[in-house]
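Inspection log for the structure reproduced underneath, given as structure tokens.
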Amino acid sequence: MSAKPPPSENSLKRERAGTYRTPDGRFTVEQSSSGWLVLDAEQTDDLGLPLARGPFATLDDAKGTLAEARSGPAPTSDLTWKASGRSAGRGRCTVVPDARPARSKLAPPTKRATPAKPMRPARPARPAVVIREIRAVDGDALRALWTASGFRLLGDDDLGLARLARRNPGLGLVAAEGTRVVGSALGTWDGRRGWIYHVAVAASHRRRGIATRLVDEVETSMRALGCRKISVMVRPDSDGGTAFWAAMGYDAGASTQFGKELAAD
């Protein structure tokens with residue numbers, strides 16, 4: 001048996017859900033609320049933070065920039081120009097002189113300006129929605145989400161969820177906004193075919209691409225395991241479920257799904 005070739009310097013190793021790293025540790029690829037970011041530990045921005053490239057639409061798009069980032073010049077930052085109140089246009093700063101005529105000394109005095117109203121304090125920014133692996137404390141929140149989405153809770157107690165997470169590490173995902181669970185997607189793989197269950201998003205957070213991000217992450221992890229086909233089950237009364245899965249590239253096919261519930265011992 002021939003020795004396994006060493007990984008290339010621009011290959012990615014999955015550290016956890018939504019985070020990958022190159023073998024030499026220089027580049028970290030992370031999923032953010034706006035897309036995939038490439039963080040360069042050897043180059044920093046004007047604030048001394050790792051230089052970020054992106055966002056990119058997919059993990060493959062981000063991976064495709066590693067070779068250029070490793071050999072090409074670092075992107076320029078316009079932070080210095082912004083701090084000085086100037087305009088950064090194609091690397092140049094253009095100062096426009098004040099073309100207004102000077103006011104004559106004999107000009108009548110202008111009316112006193114009305115004091116501006118005090119500005120209202122800015123509302124605190126909403127925390128970003130992040131994708132992470134399911135945790136033991138998520139059980140109650142997930143069951144509430146699934147009940148609101150019309151799912152049957154069969155085998156979804158804490159013991160069942162723990163068993164699923166143990167047998168399928170990295171495939172059971174939730175979308176969380178701060179401490180609140182707002183979405184889910186449970187992936188499983190039996191060594192031949194993958195399945196995705198309980199893709200749900202809270203009504204308050206729909207139409208924001210959260211379900212797409214969850215499914216993309218499960219597909220990426222299954223592809224890394226060697227999975228070649230993924231199946232899903234969609235209820236006939238699912239609100240928009242058929243259209244969503246068709247848009248994700250899933251084909252309904254012509255097969256009929258049979259099932260049987262086994263009585264507990």
Side-chain angles (χ1 to χ4, degrees), residues 12-21 27-39 52-66 125-135 137-138 141-146 148-151 156 161 164-165 168-189 194-225 227 229-234 238-251:
L12 292 176
K13 180 180 180 182
R14 185 176 184 275
E15 291 196 337
R16 59 183 179 275
T19 302
Y20 298 80
R21 196 181 302 274
F27 294 100
T28 301
V29 181
E30 292 185 350
Q31 188 178 37
S32 69
S33 59
S34 57
W36 291 89
L37 298 177
V38 177
L39 305 180
R53 293 171 171 84
F56 301 96
T58 66
L59 176 62
D60 290 338
D61 290 342
K63 183 179 178 181
T65 65
L66 293 178
R126 296 177 60 178
V129 175
V130 300
I131 307 299
R132 60 168 175 79
E133 294 185 40
I134 189 173
R135 298 171 181 169
V137 297
D138 294 330
L142 286 172
R143 285 185 286 272
L145 172 66
W146 296 335
S149 301
F151 292 149
D156 292 331
L161 293 177
L164 180 142
N168 301 275
L171 298 182
L173 304 179
V174 301
E177 185 181 64
T179 59
R180 181 188 175 192
V181 172
V182 297
S184 68
L186 305 183
T188 65
W189 187 54
W195 288 86
I196 302 180
Y197 304 93
H198 285 11
V199 176
V201 176
S204 59
H205 287 68
R206 292 173 185 170
R207 305 293 182 183
R208 293 169 56 179
I210 296 175
T212 299
R213 290 173 56 193
L214 285 162
V215 173
D216 283 343
E217 179 68 21
V218 173
E219 289 180 352
T220 299
S221 298
M222 285 198 184
R223 189 180 297 112
L225 292 172
C227 179
K229 183 176 182 180
I230 301 176
S231 299
V232 297
M233 291 185 292
V234 182
S238 176
D239 183 16
T242 301
F244 169 78
W245 289 109
M248 294 295 296
Y250 286 72
D251 182 9

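Residues take their numbers from the sequence shown, with the count starting at 1. All values below come from the heavy atoms of this structure, side chains included, with hydrogens, waters and symmetry mates left out.
Looking at residues two or more places apart in sequence or on another chain, you find no salt bridge (Lys or Arg N to Asp or Glu O under 4.0 Å) involving D156.
Annotation for L214 and A175: closest pair CD2-N, 4.0 Å, computed over non-hydrogen atoms. Counting all heavy atoms, side chain and backbone alike, G194 lies closest to C227 at N-SG, 3.5 Å. The nearest pair of heavy atoms linking R180 to S204 is NH2-OG, 3.2 Å. Minimum heavy-atom separation, A17 to L173: CB-CD2, 4.0 Å. Here the closest heavy-atom approach between residue S221 and residue G170 is recorded as OG-O, 3.9 Å.
Taking CZ of F27 as the start and CG of L12 as the end, the distance is 10.5 Å to the nearest 0.5 Å. For the atom pair R223 CZ and D60 CG, the distance stands at 6.5 Å (nearest 0.5 Å). Note that CG of L59 is 12.0 Å distant from CD of E30, once rounded to the nearest 0.5 Å. Taking OG1 of T188 as the start and CE of M222 as the end, the distance is 5.5 Å to the nearest 0.5 Å. The structure places CH2 of W146 at 9.0 Å from CZ of F151, a figure rounded to the nearest 0.5 Å. The CH2 atom of W189 sits 15.5 Å away from the NZ atom of K229 when rounded to the nearest 0.5 Å.
For the side chain to side chain contact (heavy atoms under 4.5 Å, CB included) criterion with V218, the lone passing option out of L186, I131, I196, N168 is I196.
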Given side chain to side chain contact (heavy atoms under 4.5 Å, CB included), test W245 with V215 step by step and report yes or no. CA-CA 10 Å; W245 289 109; V215 173; 3.8 Å; yes
Between K63 and F56, does the side chain to side chain contact (heavy atoms under 4.5 Å, CB included) criterion hold? Intermediate values first, please. CA-CA 9 Å; K63 183 179 178 181; F56 301 96; over 6 Å; no
D216 and M248: side chain to side chain contact (heavy atoms under 4.5 Å, CB included), yes or no, with the steps? CA-CA 9 Å; D216 283 343; M248 294 295 296; 3.6 Å; yes
Side chain to side chain contact (heavy atoms under 4.5 Å, CB included) between I134 and L142: does it pass, once the steps are laid out? CA-CA 9 Å; I134 189 173; L142 286 172; 3.4 Å; yes
Does D138 form a salt bridge (charged side-chain N to carboxylate O under 4.0 Å, His left out) with R132? I'd like the steps, not just the answer. CA-CA 11 Å; D138 294 330; R132 60 168 175 79; 2.9 Å; yes
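T28 contributes no side-chain N or O that, together with a main-chain N or O of L39, makes up a donor-acceptor pair within less than 3.5 Å. The main-chain N or O of R21 is never found under 3.5 Å from a side-chain atom of E15 such that the two would form a donor-acceptor pair. At distances below 3.5 Å, not a single donor-acceptor pair connects side-chain atoms of R208 with backbone N or O atoms of V129. At distances below 3.5 Å, at least one donor-acceptor pair connects side-chain atoms of T65 with backbone N or O atoms of A62.
Relative orientation of the W36 and Y20 rings is tilted, given thresholds of 30° and 60° on the angle between their planes.
A heavy-atom distance below 4.5 Å is not found between the side chains of V234 and F244.
For R135, the CZ atom is loosely surrounded, since the number of other residues' heavy atoms within 6.0 Å does not exceed 12.
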